[in-house]
Amino acid sequence: MILSGRRSLALAAAVLPTLALTTVLASSTPASASGPSCGSRYALRSTQRMYINSSLRGYLKVYYNSSNGYNCALVVRKGSMPLYSAKLKLCVYNKARTKYGSCKTDGYGKRYSWYAGPVYVYAPHRCLYVYGSINTNSWTKVEVTGKKVLCG
């Protein structure tokens, strides 16, 4: 059967939006699965690996933007399997380096299964406190904590 005239236009009008929607959904999935970014002006300062039962499951990454004095942190899972949860806390130490405040968090009170962050703190020439955790299920967890890390 060959369609012509108005019937072929009606068929094209019905099929094309479906194809466009499928294309948009397919192209957005890999981008969201690849994880977050701090931005192009942020340089990587530290990467800490996060292991559960000798298996690398994620990373705690800290970045710095020297042009504006902001630090950025991320907890990102490794691989394509989702996590049970991911949490992140980034704080600034006081000038005496005795206590920290000005904290930013992500993943608390929520259950992120791919990543936590990015979170940003303004801290030029200051030390940072960084905490990240990932769970592969409700009871198997790894935490990475750094006290007085990344002073500069």
Side-chain angles (χ1 to χ4, degrees), residues 13-152:
V15 171
L16 286 177
T18 305
L19 292 175
L21 179 62
T22 304
T23 304
V24 169
L25 290 176
S27 65
S28 66
T29 302
S32 64
S34 67
S37 168
C38 290
S40 62
R41 295 186 165 230
Y42 284 82
L44 182 64
R45 294 184 69 190
S46 172
T47 300
Q48 296 181 356
R49 293 179 177 101
M50 304 176 85
Y51 291 91
I52 296 177
N53 299 329
S54 301
S55 178
L56 181 61
R57 296 304 304 250
Y59 303 95
L60 173 61
K61 296 182 177 193
V62 180
Y63 296 83
Y64 182 67
N65 184 331
S66 60
S67 66
N68 66 12
Y70 276 86
N71 293 271
C72 172
L74 306 162
V75 169
V76 184
R77 59 105 175 98
K78 179 190 179 287
S80 60
M81 293 299 293
L83 300 170
Y84 180 76
S85 69
K87 294 180 182 174
L88 175 63
K89 184 176 191 177
L90 178 63
C91 306
V92 182
Y93 271 98
N94 63 3
K95 288 186 180 185
R97 298 180 184 167
T98 56
K99 62 181 177 177
Y100 61 84
S102 301
C103 297
K104 302 290 183 180
T105 61
D106 195 24
Y108 289 82
K110 300 171 183 159
R111 207 173 106 199
Y112 294 147
S113 57
W114 298 104
Y115 56 85
V119 295
Y120 299 87
V121 295
Y122 180 74
H125 312 293
R126 302 288 283 280
C127 296
L128 302 174
Y129 169 86
V130 184
Y131 168 83
S133 77
I134 58 173
N135 292 32
T136 54
N137 51 45
S138 61
W139 61 88
T140 306
K141 176 168 126 176
V142 64
E143 298 176 337
V144 175
T145 303
K147 290 190 174 184
K148 296 183 185 174
V149 297
L150 303 172
C151 298

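Heads up: numbering here begins at 1 and tracks the sequence. From a predicted model like this one, the values you see are computed outputs, not experimental measurements.
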Applying side chain to side chain contact (heavy atoms under 4.5 Å, CB included), run through Tyr112 and Asp106 and close with a yes or a no. CA-CA 9 Å; Tyr112 294 147; Asp106 195 24; 3.1 Å; yes
Check the pair Tyr42, Tyr120 against ring pair (Phe, Tyr, Trp, His ring centres under 6.0 Å), reporting the backbone distance first and the verdict last. CA-CA 11 Å; Tyr42 284 82; Tyr120 299 87; 5.6 Å; yes
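Considering all non-hydrogen atoms of both residues, Val92 and Ala123 come closest at CG2-CB, 3.7 Å. Residue Arg77 comes nearest to Trp114 through the heavy atom pair NE-CE3, 2.7 Å, listed as atom of the first residue, atom of the second, then distance. Closest heavy-atom contact between Lys87 and Gly107: CG-O, 3.6 Å. Of all non-hydrogen atoms in Leu83 and Ala86, the two that sit nearest each other are CD1-CB, 4.2 Å. The shortest heavy-atom contact between Val76 and Pro36 is CG2-CD, 4.3 Å.
The stretch residues 49-61 participates, sequence neighbours left out, in no side chain to side chain donor-acceptor pair (under 3.5 Å) pair at all. Sorted by first and then second residue, the disulfide (SG to SG under 2.5 Å) pairs involving residues 54-84 (not counting sequence neighbours) are Cys38-Cys72.
Legend: residues meeting side chain to side chain contact (heavy atoms under 4.5 Å, CB included) with Val142, ordered by chain and number and at least two apart, are Met50, Ile52, Ile134. Applying the side chain to side chain contact (heavy atoms under 4.5 Å, CB included) rule to Ser40 yields no partners; only residues at least two apart in sequence or on another chain are considered. For Tyr70, the ring-ring contact (aromatic ring centres under 6.0 Å, His included) partners two or more places apart in sequence, or in a different chain, are Tyr122. With sequence neighbours excluded, the residues that form a side chain to side chain contact (heavy atoms under 4.5 Å, CB included) with Lys89 are Cys91, Tyr100, Cys103, Thr105, Tyr108, Tyr129, Tyr131.
When atom types are taken as modelled, the side chain of Arg111 and the backbone of Tyr84 share a donor-acceptor pair closer than 3.5 angstrom. At least one donor-acceptor pair under 3.5 Å links the side chain of Arg126 to the backbone N or O of Tyr93.
No cation-pi contact links Arg45 to Tyr63, judged by a cut-off of 6.0 Å to the six-membered ring centre and 45° from its axis.
Leu128 is listed as a side-chain neighbour of Val62, based on a closest heavy-atom distance under 4.5 Å.
Each of Leu74, Val121, Leu60 was evaluated against Leu90; a single residue qualifies, Val121, per the side-chain contact (heavy atoms from CB on, under 4.5 Å) test.
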